[in-house]
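Letters A, B, ... are given to chains in the order of the sequence lines, protein chains preceding strands, and every chain is numbered from 1.
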Amino acid sequence: MLAPTILTGAIVLTGCAFYGLITHRHMIRLVICLNILDSAVLLVIVLLGYEPDAAAPIVRQADLQYVLGLPHALSLTAIVISACTTALMLGYAVRVHRLRGTVYVDRLTRWRG
Amino acid sequence: MIGVAAFQAVTPFGPGLLGLGQAAIVDDAAVLTAAGFLVFCVFAALFARESGRERTRGRRLLFRAGVALQLLAATTLPFAADLLQFFILWELVSLGAVAILLCESGRLRLLRIYLPIQIAAAVALIVAIALHSVAADGLLLPASGGLAAGQPFALFAVLVKAAVFPLHIWMVQTYPRVSPASTVILSAFGTKSGVFAAYRLLPGLAGLELFGALSALLAVLYALRQRQLRPFLTFHIASQIGYMIAGIGGVAAASQLAGVYHLSNHVMYKGLLLMTAAVLVRRFGTEDMYTIRSHGASTNGPLFAAALIGALAISGVPPFNGFVSKALLKAHAGSAASYWLMVAASVGTAMSFTKFLWLAFLGGHIHKGVQDEAAPPLLKRWSGPAELTAMGALATLCISMTVLPVFLFPELQLAYPFSRASIIAGLWPAALGCAGYFLFYPQLLRVFKLLPDGRPAGQVSLEFARGVIRTMRSLHSGDLRDSIAWMLTGLILVWLLTLVL
Amino acid sequence: MTTSQFPVLLIAIPLMLVPVAFFVSQAKLSVRGFAIASLGLVAMLAYAPLVAALGFGLVLPLEARMGGWGPELGIVLMLDPLAALLLPITNTIIVLGAAIGFPAGERTPIPYFPLWFLLAAGSNGLIVTSDLFNAYVFLEIIAICSHALVAYRGDGYAFESAFKYLIAGLIGSAFILWGIIALFAATGALSLSVIVDRLPGAPPALVAAGFSLIVAGICVKLAIVPFHSWKPDGLTGAPPSSAGAISGVVLSAVLVLMLRVLVGLGGIGGPAQTLSAVSPFPVILTFLGAVSVVVGHSMALVQGRLTRMLAYSSIGHFGAMLLALALVTPAATAAVVFHGANHAVLKSGLFFLCAAAATERGTDRITGLSGYLARRPLELAACAILMLALVGLPPTVGFASKWAMIVEVVRAGGIVRALLIGGGSVIAVVYYLRALHTMIWDGAPRQLPDLGDPRARVTRLALVVGAGYTLVGFVGAGFIFAVASSAVSVLLGGPQ
């Protein structure tokens, strides 16, 4: 029951993120939408290792059933990357606001055509 | 066949007239066409009564005589089996049109275009008839299979008379320039007699199907760049005739009959659309859709309903008659190319009628690059009771004619055109065209404006390339959201292709 | 197959040098000589496998298992002929780009040289890794440092470019990550060598979804129409040296990833036959490639800025490569590898020339560069040779690779594709000749180059290197093509 719920949630989150990416023009909102997109992927990654009634993957006794640890490691990496890119995007947003005086992407059309 | 019997019993213009006697061909196609003409003419005459009051007495008589002559000739022509009689009736239809044109103010200019064209078609037809009579040793037309000889001449005559796309220019130069009520009458008989002649003389001619489908698409492209009401509708006549010719050019008998069925459907919905155009032109004193729109557009509810029904029917949206005949035409398409050409023409048709409704009735905003026109003073009244009755009757016919295939195509299941697949096949081109108008019309218009109209080919192709590149540049808007939307579109396309393949 | 930890060095050395370069630059020491020397050292390392394989009988691929774990659980780096062919090229471009783009005398808001070390680490890593999630991580490393390289000069328009590039790049990465996760869910593995074994038993719907997401993501990264709009926008605001590095290094590295996934895993149905025989991807790639060729070259035709024109022209080139790749014959794929390597050299060479010209004239508008080449015979010759090669005319290596592509495409029955590729070249002749004509004849030549500026000297060196490769490569085209063929056959899992 848990798995379909989370999967549906991830798909809904992805849809929300893409909807936001297309409709919003504020740079910070775009950053938030990309974060939502990342969260959706993270949910699915963690879900891949999940097994009902299994223990955390820290070996205590041999016969215990553990969840798969690899996706957890992957999701940690993805979280780190997501944090880095978010910081970079926010930095750009601040710079663009300072230098161009706007935070709306539809005003940033110096390069076009 | 029930229809044949009923029609023979009721109509005064049956095969007995003009000494057709035993030589008449009485089949479903003939009855369908003649009945369509007759019913339409009743309501078109009713519609023309109101505007006819403005004519002088002499002209009114001439007009009525012209209408009566056209009706008489056009309802008898389908039954003619003797080629000479066929030729005389064909000429009488033209003569009736000449009489109607004589009632107009710019008659000399109109006749200077109309007469030479009709005479050329008539000469070609008589040559074809002569060749056939030599080959077949007689003037009788076989009940099926068309002419035995002289097809190239007959083809030329038919294509000119029916105003199939590249030979449609005479129609565009005459029909929109007469008074609105005359356009309604003229649009029904002349070209449709030509189409019916194609059914009689050249059924299943090799290559005709593809040619018809192609001309349907090309005429739509020209229609899409029009902003004057009646030229716009006239280009759509040419396009719809392309569909009919495509059906008649099909090898299967059912395909040819579907072409004729589309003919009578078209008479109804195109008549309805031209009637709404006539009321709009009278009310606003202009043909220009943008000017009408800058008046705040039409707020007349019944008129909008009539235009909506006409537009849905011509766009092939269920449950209107245009949908059924287009579904039949597509179902019998002989090649994938002609099928997809017809689908593409449907998309264009839906797009241009979205524009029509959006500008003239809904008063929607105009795309960039077009200035609002200064609004001239409003002229006259809306439609009168007789006109409304006529439009209501035609709108009813647009719906009720959907049952005809049950009698025409006995081998088909009753529910056939309304199966889920064919409804989807009718709806998606219309939806695509409708969405395309709102998304891409300004860009597309640039491309349509480059369609050749007599300029040198090199210049046109250069301008075409420039227009394409300009469109591409305008799509690279520099707005981040647009590029994200394109990426998502690409992803969805990749997914769809993965699913389909 | 040889087991060796050598590939690790290609990633670890530049990665370790990142903080060193950062601290050196913060300490206001002269970072430039140190950085260039270190990048040069990395580049020499990158040449090593190719030289060793050709001259000393080293058997490729070199396989390095991280931490001793096998491909089931751990990360495996694989230095195969494909990597050995592309690594020297990308690392040379990095050294030259770093030297040319160095902002002399001006303070930059972003530390400059650490970014190039990071770019070296990321691109080397992406080229040698055979683990999908590892590839995603390297992709993000490349993305972050190349975004920063776009923005380092710090004016508002550069930040606009960087932001557009960043958002598009992240969406592309998200597509790729979704695809990798789908493949992981289908096969339970991330290592390419394991996935290829498990694909036949995997649920086909999940596999198809994974491949389509990865294809879409890679198309974003390679700027294939309609995923491309970041590229002209992102490169126009960038310093041309960074734009050269992105065109040369980043796109080559992503091309390697695409070849590994689509050809190596059999996503396009090649002789590996791991997917069903009828795969949808050849059709999809053909479609995307055809649109890219048309849009890329026709948009390049109407650009007023040199960088933007070069960016659109790249889109056309990658479209042509997709068209050839979609034919899934080994020879056509080898031609694609060959052309990809050439395109990296030629395009970054032109971008470096553009960097020098834009620094002198203060603009990269073609009209603003009029007469720039008039009194510079070396630059003029190099520029003409590079443009000839990009168009695909003899006697250049660009002719050799384009000819190979067209011949292989025709041999596989794709007449229409060959016409599209040729037509793209015809358009390219027009816009390159126009730019060349303006830069030679129009307007009066202004001041002569300031030979005291070290960047001008490096630019000349880069141009000599690029033009030299172009001419020598024409003579040795058969040899490079042989290396590319062996790369493809290793990729397909066959004998060398």
Side-chain angles (χ1 to χ4, degrees), chain B residues 336-337 340 343-344 347 369 428 432 435-436 438-451 457-501, chain C residues 160-161 163-168 170-172 174-175 178-179 204-205 207-220 223-234 236 276 278-288 291 294-303 308 312 427:
Chain B
W340 285 107
V343 170
V347 175
W428 75 258
L432 191 63
F438 292 112
L439 293 177
F440 297 121
Y441 186 69
Q443 284 88 16
L444 289 176
L445 188 63
R446 281 203 204 110
V447 179
F448 299 145
K449 279 194 173 155
L450 299 167
L451 290 172
Q459 185 194 346
V460 169
S461 52
L462 199 63
E463 277 181 26
F464 179 76
R466 280 203 190 119
V468 169
I469 290 181
R470 216 180 300 136
T471 306
M472 276 184 207
R473 287 193 85 156
S474 70
L475 288 177
H476 290 87
S477 64
D479 191 337
L480 188 58
R481 292 171 302 168
D482 287 355
S483 61
I484 295 171
W486 279 110
M487 282 180 208
L488 280 184
T489 316
L491 177 68
I492 291 166
L493 274 180
V494 169
W495 262 345
L496 282 182
L497 283 172
T498 315
L499 286 180
V500 169
L501 295 171
Chain C
E160 174 187 334
S161 283
F163 191 76
K164 285 179 177 175
Y165 180 19
L166 180 57
I167 297 280
L170 288 182
I171 291 174
F175 288 172
W178 270 110
V207 172
F211 272 115
S212 63
L213 278 161
I214 293 181
V215 164
I218 286 177
C219 284
V220 174
I224 297 300
V225 180
F227 304 94
H228 67 291
S229 49
W230 65 265
K231 185 164 188 187
D233 291 357
T236 317
S276 63
V278 188
S279 157
F281 293 101
V283 179
I284 294 174
L285 293 187
T286 305
F287 176 68
L288 293 173
V291 178
V294 173
V295 173
H297 285 300
S298 13
M299 287 298 290
L301 196 58
V302 290
Q303 296 305 322
R308 209 169 165 80
Y312 272 117
I427 303 180

Could you measure the distance from the OG atom of S212(C) to the CG atom of L499(B)? Nearest 0.5 Å is fine.
8.0 Å
Only distances under 3.5 Å count here; give the side-chain donor-acceptor pairs of residues 481-492 of chain B to other protein atoms, sequence neighbours excluded, each with its distance to 0.1 Å.
from, atom 1, to, atom 2, distance (Å)
R481(B), NH2, D479(B), OD2, 3.0
D482(B), OD2, S477(B), OG, 2.5
S483(B), OG, L480(B), O, 2.8
T489(B), OG1, A485(B), O, 2.6

Heavy atoms only: give me the nearest I284(C)-V494(B) pair and the separation to one decimal.
CD1-O, 3.6 Å
Minimum heavy-atom distance between S298(C) and M472(B), given as atom pair plus value:
OG-CE, 3.7 Å
Measure distances from L301(C) to the heavy atoms of chain B and classify the residue's part below 4.5 Å as side chain, backbone, both or neither.
side chain
Cut-off 4.5 Å, heavy atoms of chain B, and the answer for V295(C) is both
Please walk me through it: do L497(B) and F281(C) pass side chain to side chain contact (heavy atoms under 4.5 Å, CB included)?
CA-CA 9 Å; L497(B) 283 172; F281(C) 293 101; over 6 Å; no
Test of understanding: with ring-ring contact (aromatic ring centres under 6.0 Å, His included), list the residues that count as partners of Y312(C), not counting sequence neighbours.
H476(B)
